[in-house]
Amino acid sequence: MRWCSLRTRRSLVDLSDLSGDELEIIFTRAQRFEEHPPGPLLAGVACVNLFFEASTRTFVSFNLAELRLGAHVVNLSPKDASLATKGETIEDTAMTLGAMGVAVFVLRHPESGYAGKVALAFDGHVINAGDGMHAHPTQALLDLFTLREEFGTLLSRTVAIVGDVAHSRVAHSSMLGLRRLGADVVLVGPPEFVSEADAPPGVTIERDLDKIAPHLDAVILLRIQRERIGAMPFSEEEYVARYRLDAQRCAALPAHVVVLHPGPYNRGIELDESVLSFAGWRYARQVMHGVSVRMAVLDLLVNGPADAAC
Ligand code: CP
């Protein structure tokens with residue numbers, strides 16, 4: 001019997017939806033799925049992916065994760081959905097999909113809070129693939145998984161999140177996860193991108209990347225979210241001079257440091273070409289882990305915490 005039939009159906013809107021045990025289950029399963037590809041754990045389970053914003057990594061990664069678990073996958077384009085042109089509400093769309101037996105609804109939308117709103121209306125599992133400036137939980141999970149692969153435990157590791165924190169849903173979810181795993185988180189950027197309001201309790205702010213660089217275990221670079229900013233609050237040259245990771249700044253980082261980026265990255269802005277061949281650059285591992293982490297999330301939500309073999 002499926003776990004979801006025994007309990008309230010669960011969604012993943014942000015990392016706060018997951019208990020500590022569930023975080024560990026996701027990491028353990030993702031690791032196992034990479035070592036031993038699982039059987040069709042989602043055989044016959046219908047998943048609908050609806051992305052209202054552009055996406056390469058998250059969209060393809062969810063598709064692959066669902067397909068590798070044997071799910072039935074439907075990609076609904078927003079321009080083809082009735083809610084775009086025929087006046088249907090997203091709540092009615094969700095109810096309609098549920099009536100067809102759709103169990104998993106993966107959503108990306110520019111409005112903060114959108115996935116949470118749909119989760120209230122959908123009789124199944126909503127997975128937030130990014131909502132406005134609010135949250136991107138599976139990106140945070142794959143970042144955490146990548147850092148744990150590197151360091152084992154994140155306890156007392158210092159992780160800098162550098163750049164446009166204010167407009168980044170990735171940063172908001174990653175901060176949550178890093179703090180829960182015991183990392184020291186420091187936000188680095190100009191006041192327009194990193195304000196006191198962006199730093200939850202226990203998270204510090206540093207304006208000078210060069211000052212803190214030698215003390216870091218990991219760096220998460222962020223793209224400037226131009227699509228969410230009216231006008232740039234300062235010149236690109238000014239930003240590049242103070243915050244772009246380049247060969248000189250990489251040389252100032254400790255030898256064991258790793259550098260992550262959720263992608264898409266903008267060459268010449270938050271990093272230069274030299275970073276792409278830096279020994280600590282882990283972008284490809286993040287992307288690779290993204291598929292197995294999303295498989296683990298799907299398996300946990302649909303099948304529950306007990307392993308399939310039990
Ligand atoms: N990291 C991330 O969300 O990338 P996409 O926008 O390509 O999905």
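Worth knowing before you read on, the calculation uses all heavy atoms, side chains too, and leaves out hydrogens, waters and symmetry mates. Read the numbers this way: they start at 1 and go in the same order the structure lists the ligands and their atoms.
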Worksheet entry | Residues in the immediate environment of ligand 1 (any heavy atom closer than 4.0 angstrom) |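 Heavy-atom contacts below 4.0 Å: A54, S55, T56, R57, T58, R108, H136, Q139, P262, G263.
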
Note: [X]-[Y] ion pair, threshold 4.0 Å (strictly below):
X	Y	value
E22	R10	yes
R223	E270	no
D208	R242	no

Discussion item. Under the rule for side-chain contact (heavy atoms from CB on, under 4.5 Å), what residues qualify as partners of P254, not counting sequence neighbours?
Written reply: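 P254 satisfies side-chain contact (heavy atoms from CB on, under 4.5 Å) with H256, V257 once adjacent residues are dropped.
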
Item to complete: Under the side-chain contact (heavy atoms from CB on, under 4.5 Å) rule, collect the residues that match up with T204, sequence neighbours excluded.
Response: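 Expected list: V186.
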
Item to complete: Output all residues satisfying side chain to side chain donor-acceptor pair (under 3.5 Å) with T93, sequence neighbours left out; order by chain, then residue number.
Response: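 Testing T93 for side chain to side chain donor-acceptor pair (under 3.5 Å), a comparison that skips the adjacent residues, returns E88.
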
